[in-house]
There are 2 protein chains.
Amino acid sequence: MTGSPSTAWTSPHKTRKPRARNAPPAPGSMVRTQKPVKNSEIVYGDLRRAIIAMEMAPGTPIVERDLTERYGISRTPLREAVLRLAEERLVDVVPKSGTYVARIPVSVLREGIVARRALEEVTVRAATRRASESQIMSLRAIIQRQKEVADAGDEEAFHRADEDFHSGIAAAASFPGIWDMILQMRVHVERYRRLTLPQPGRMRLVVGEHAAVLDSIAEGKADAAVARMKEHLDKLTLDIAVFRDLWPDYFIYDVSLDAPLNLD
Amino acid sequence: MTGSPSTAWTSPHKTRKPRARNAPPAPGSMVRTQKPVKNSEIVYGDLRRAIIAMEMAPGTPIVERDLTERYGISRTPLREAVLRLAEERLVDVVPKSGTYVARIPVSVLREGIVARRALEEVTVRAATRRASESQIMSLRAIIQRQKEVADAGDEEAFHRADEDFHSGIAAAASFPGIWDMILQMRVHVERYRRLTLPQPGRMRLVVGEHAAVLDSIAEGKADAAVARMKEHLDKLTLDIAVFRDLWPDYFIYDVSLDAPLNLD
DNA sequence: CAGATATATCTTGTATACTAGATAAATCTG
DNA sequence: CAGATTTATCTAGTATACAAGATATATCTG
């Protein structure tokens, strides 16, 4: 603007080599990640929660253009979110046709229950060996909280406490990755659970089972802890009537229903 | 072109309602999926293989623009491929900075071995109950093939046969989803394996262990099959010296190395 | 010559425009 | 009126252009 450009720009810049860029940030370097939440992350989390909560019924069309308007973003980040959901099998993308909230694959339900039990068993075994006193106290606090919300009849808070308890055991075992895997499977089972009515008195029973598991952990009795966790998780069964009769269109029957749904 | 447009275009089209699009394709409808392989799929598979095979060393920069030229595609599908790899933790994306082939997270190695053993145990138990005669025969054929390539010293073929054997057991158990989970973890362990030298005589031992597992399956002895599978998988251990001394920059030490690497 | 500063240029993240295939409504044909 | 056919319009897949932040190099200052 002001000032004569004649002199400032006369000195020619030498051709500059492109920056090296041979090395990634050092492993230990805390890359300042302040809070650049990508838009795709926001949409992903939002849609994911709604799908898992069954607020969006299986089969509901997902129209990219509608969502871009709703969130005020462009298609590119929205597409990234949808593609991530597709990898989790929470949405089905039909090329050149449309995208839909996925039906619940019965095979994933069946295998998910089996896999979860297997993983939680090794987790509780490791937790028994490694849990610190403070971790055990935290778990006791969680159980107490769960008892309180169960008495109050707050089902949502109850399920949060349930997840916290199992998550806490995974933390005590130092198995964050295995816990992530369990969560990944729980997604589909959770969608199924939202369809079923809570069984009366179930909440109080669960609290007791949790307490039993924790007692064994605190006593350092690994085999007993595993056995009690197994008992606890064996209570999770699939009520075939739910999807066969009540919401037949909510599921994909990609496995024979005659196959045993609970294995040992 | 030919013909008088005067009449043909005079009849106005009524405003047309957009197509309904309320229902997804019927669950059973075989949507003709001919062969519309998305470009992102090709790039994803190609990069994934190269990373797992350690052809691209951890820390290698991944420059989107270079790859678009190499594959002759635009950034959008390429980005999709890179983002999928990032979710698998095979690449690290540093916002506004760069993308790099990921180091191997030691925690994933450690937990992966534990989780795999847990999942393969329930799988082999189910396989013992459900395996058909033909499936057992197929497994025997795989073991025979593995013995042949082991004698020939073909290590690549040996590992393929190894994977086929475990995959076959998962198929016999009707646990395709659990097998996918195992594969997902194996990715990182496989990268580690590529760094280690094969132990002499190991191939022949593996064949024997596989045969022992299959014998128990064929006899319908579930507990024995599980025990033998456990023995087999227990041989997989982490040689800490490999990453601590030989390639320290290839790993991320996101877990204490003092923690037991093999649990029971 | 050493250290601080400035800046060119790279990177990923985002927005937008275009292409090709699929679908259902509207039209045509008997 | 029933069925085949056309056609408008939607969809996902792709290409390209722009924006914002990060970094190594060149330059400036003492």
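So you know, we letter chains A, B, ... as the sequences are listed, proteins then strands, and number each from 1.
When all heavy atoms are compared, the tightest approach of F243(A) to Y253(A) is O-OH, 2.9 Å. Shown here for P61(B) and Y100(B), the closest heavy-atom pair between the two residues is CA-CD2, 3.7 Å.
A donor-acceptor contact shorter than 3.5 Å is absent between the side chain of D254(A) and the backbone of P105(A).
With Y44(A) as the aromatic partner, R84(A) meets the cation-pi criteria of under 6.0 angstrom to the ring centre and within 45 degrees of the ring axis.
Here the C1' atom of nucleotide dT11(D) and the CG atom of L78(A) are 14 Å apart, to the nearest Å. Between the P atom of dG13(D) and the CD1 atom of I42(B) lies a distance of 14 Å, rounded to the nearest Å. As a whole-Å value, the separation of Y71(B) OH from dG13(D) P is 20 Å. Taking atom OH of Y100(B) as the reference point, atom C1' of dA22(D) lies 10 Å away to the nearest angstrom. If you measure from atom CD of E41(B) to atom P of dA12(D), you get 16 Å, rounded to the nearest angstrom. Here the P atom of nucleotide dT14(C) and the CD atom of E64(A) are 15 Å apart, to the nearest Å. When the P atom of dG13(D) is taken as reference, atom CD1 of I62(A) falls 13 Å away, rounded to whole Å. D92(B) places its CG atom 15 Å from the C1' atom of dT11(C), with the value rounded to the nearest Å.
With respect to R160(A) and E163(A), no salt bridge is recorded, no charged nitrogen being found less than 4.0 Å from a carboxylate O.
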Could you go through nucleotides 15-19 of chain D and list every protein N or O atom that sits under 3.5 Å from one of its N or O atoms, giving the distance for each pair?
{"from": "dA15(D)", "atom 1": "OP2", "to": "S74(B)", "atom 2": "N", "distance (Å)": "2.7"}
{"from": "dA15(D)", "atom 1": "OP2", "to": "S74(B)", "atom 2": "OG", "distance (Å)": "2.8"}
{"from": "dA15(D)", "atom 1": "O5'", "to": "S74(B)", "atom 2": "OG", "distance (Å)": "3.4"}
{"from": "dA15(D)", "atom 1": "N7", "to": "T76(B)", "atom 2": "OG1", "distance (Å)": "3.0"}
{"from": "dT16(D)", "atom 1": "O4", "to": "T76(B)", "atom 2": "OG1", "distance (Å)": "3.4"}

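Under the rule for a ring pair (Phe, Tyr, Trp, His ring centres under 6.0 Å), the partners of F165(B) that lie at least two apart in sequence or sit in another chain are H210(B).
For R79(B), a side-chain nitrogen or oxygen approaches OP1 or OP2 of dG13(C) to under 4.0 Å.
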